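Have a look at the structure below, then the notes.
Please read all numbers here as calculations on a predicted model, not as lab measurements. Counting starts at 1 for both ligands and their atoms, in listed order. Note that the numbering runs from 1 along the sequence shown for the chain.
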Amino acid sequence: MARTLIQGGTVVTAVDTYEADVAIVDGEIAAIFGNGAAPAGPWDVTIDARGKYVLPGGIDAHTHMDMPFGGTSSSDDFQTGTLAAAHGGTTCIVDFAIQAKGEALRKGLDTWHAKAEGKAAVDYAFHMILTDVNDGTVAEMQRCVDEGVTSFKMFMAYPGVFLVDDGQIFRAMQRAGELGALICMHAENGIPIDILVQQALARGHTAPVYHALTRPQIAEAEGTHRAICLAEMAGAPVYLVHLSAPRALEQVMHARDRGLPAFAETCPQYLFLSQDDLARPGFEGAKYVCTPPLRPREMQEDLWRGLRTNDLQVVSTDHCPFCMKGQKDLGTGSFAKIPNGMPGVETRMYMLWDGGVRAGRISMNRFVEITSAAPAKIFGLYPHKGTVAVGADADLVVWDGDRKHVLSDKTLHMRVDYTPYEGREVTGAPTHVLSRGKVVVQDGAYVGRTGDGRFVRRGRFALA
Ligand code: URP
Ligand code: ZN
Ligand code: ZN
């Protein structure tokens with residue numbers, strides 16, 4: 001029986017802040033004592049958390065490890081990506097398994113299990129991307145849910161790759177509603193976007209900034225509106241992934257005001273980066289090509305407001321890294337060929353603590369809510385994950401809210417040759433990261449064992 005005590009820290013959950021000693025036995029939180037009231041032991045490991053915060057580990061509900069996309073594959077696999085996640089205080093990821101067109105969900109799920117098994121540093125779960133909604137697919141959704149894959153993503157974007165039409169979306173939504181599953185939607189109307197892309201290229205507009213100029217926010221607002229309407233017709237909850245812009249947010253706000261089970265996440269890149277980054281000289285803008293695109297800087301404040309008012313419930317990363325050399329440079333002559341996606345699984349907590357909590361935009365409790373508690377609740381991981389409570393998994397972060405460090409590709413652990421935040425000084429970092437009670441990162445060093453992260457079967461959607 002492994003026994004660990006985290007002593008003298010300030011526990012922060014989505015709702016409470018209090019001083020306590022947290023006792024862990026066999027990977028679970030066994031007891032929470034008043035500060036200094038824990039029994040003397042014996043403890044196998046004692047962690048001195050005085051002057052630090054004890055947070056539930058981050059949950060990143062949107063990652064793409066080892067994902068074939070844009071003529072290449074995202075550069076982190078489950079080993080490197082979850083190790084980087086752990087360094088940044090994230091102890092669970094929900095990655096997207098993919099149904100290849102014409103193939104069964106079973107095959108896609110098996111492929112993702114094979115990618116992850118024995119490799120992960122922290123726990124992981126899967127959503128299932130539907131690319132081909134037919135009778136077989138609809139029938140198979142039940143099995144996914146039974147196996148703990150309780151959410152399905154579909155795309156209104158990327159024609160010819162991932163896009164599914166409204167009929168397919170509607171069928172999958174109806175089934176999800178019956179099964180208590182959640183539909184995640186990439187809501188951008190990819191058909192007119194593709195026309196704008198072809199027109200831009202025909203005019204010789206090939207630079208990275210045209211990625212943003214050909215994907216206006218109205219395309220996202222229309223997709224968001226349509227996704228919400230289809231979900232309402234189908235009687236299903238819907239979760240808008242990587243929401244980037246005010247007009248899409250308005251659609252979510254109206255839906256929620258009407259009492260609909262509509263939820264949305266945004267990502268750090270939409271809170272901290274902008275279209276100006278895409279317009280950097282030469283080909284540097286390629287680092288910032290992700291979809292939906294980065295928006296004009298003045299749109300960021302709306303997203304922060306949405307986070308404060310709970311119209312946006314989650315900040316995940318959409319971690320989908322591609323190296324500049326050998327991957328992003330596929331698009332040197334055409335922005336349309338730049339693989340879409342950015343690294344972020346390691347930097348999310350840093351950016352949100354520094355630019356959110358310390359900047360006075362959100363409270364510490366809201367930080368915990370949007371990075372851990374809300375994704376746990378929405379994606380069926382709560383109360384095992386997402387809080388500090390007796391009986392919960394001891395996925396915990398001892399967080400030094402005052403530790404300064406500079407973000408750099410040279411010191412971060414993601415397997416990619418840049419960070420979009422190069423040179424940015426941030427304050428706040430973990431001293432200890434625990435996955436199911438075991439310390440996996442201590443003072444910046446990985447002390448865990450590859451493969452200790454487990455697949456987590458998630459519960460059905462329960463928040464509607
Ligand atoms: O640019 C992005 N977001 N790449 C990953 C695929 C997706 O749309 O989520
Ligand atoms: Zn997407
Ligand atoms: Zn994504």
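- Atoms of ligand 1 lying under 4.0 Å from any heavy atom of Cys290, numbered from 1 in the order shown and given with element: 1 (O).
- Taking a cutoff of 4.0 Å between a charged side-chain nitrogen and a carboxylate oxygen, Lys115 and Asp95 do not qualify as a salt bridge.
- Close contacts between ligand 1 and His186 involve ligand atoms 8 (O) [criterion: under 4.0 Å to a heavy atom].
- Nearest protein heavy-atom contact of atom 1 (O) of ligand 1 is Thr291 N, 2.8 Å.
- Nearest protein neighbour of atom 8 (O) of ligand 1, counting heavy atoms only, is Tyr158 OH, 2.9 Å.
- Residues Arg366 and Asn310 bring a donor and an acceptor atom of their side chains to less than 3.5 Å of each other.
- For atom 4 (N) of ligand 1, the nearest protein heavy atom (residue, atom name, distance) is Asn340 O, 3.0 Å.
- Contact record, Trp112 with Asp66: CZ2-O, 4.2 Å, taken as the closest heavy-atom pair.
- Near His64, meaning under 4.0 Å from any of its heavy atoms, are these atoms of ligand 1: 5 (C), 6 (C), 7 (C), 9 (O).
- With Asp146 as the fixed residue, the salt bridge (charged side-chain N to carboxylate O under 4.0 Å, His left out) test singles out one of Arg460, Arg457, Arg458: Arg460.
- Every residue was checked against the salt bridge (charged side-chain N to carboxylate O under 4.0 Å, His left out) condition with Glu265, not counting sequence neighbours, and none meets it.
- Taking 2.8 Å as the threshold, Lys153 counts as a candidate ligand of the Zn ion (ligand 2), since one of its N, O or S atoms lies below it.
- Aromatic pair Phe155/Phe162: ring centres closer than 6.0 Å.
- Taking the six-membered ring for Trp and the full ring otherwise, Phe335 and His205 have centroids separated by 6.0 Å or more.
- The atoms of ligand 1 that sit less than 4.0 Å from any heavy atom of Gly341 are 1 (O), 2 (C), 4 (N).
- Here His186 contributes ND1 and His242 contributes NE2, and at the Zn ion (ligand 2) these two atoms make an angle of 90°, given to 10°.
- The protein heavy-atom contact nearest to atom 3 (N) of ligand 1 is Asp318 OD2, 2.6 Å.
- The name of the N, O or S atom in Asp318 nearest to the Zn ion (ligand 3) is OD1.
- Here the shortest heavy-atom distance to atom 7 (C) of ligand 1, taken over His319, Lys153, Gln269, Met342, belongs to Lys153.
- In this structure, the side chain of Glu346 does not engage the main chain of Thr90 through any donor-acceptor pair within 3.5 Å.
- Under the 4.0 Å criterion applied to side-chain N and carboxylate O atoms, Arg454 and Asp123 are not assigned as salt-bridge partners.
- The angle subtended at the Zn ion (ligand 3) by NE2 of His64 and NE2 of His62 is 100°, given to the nearest 10°.
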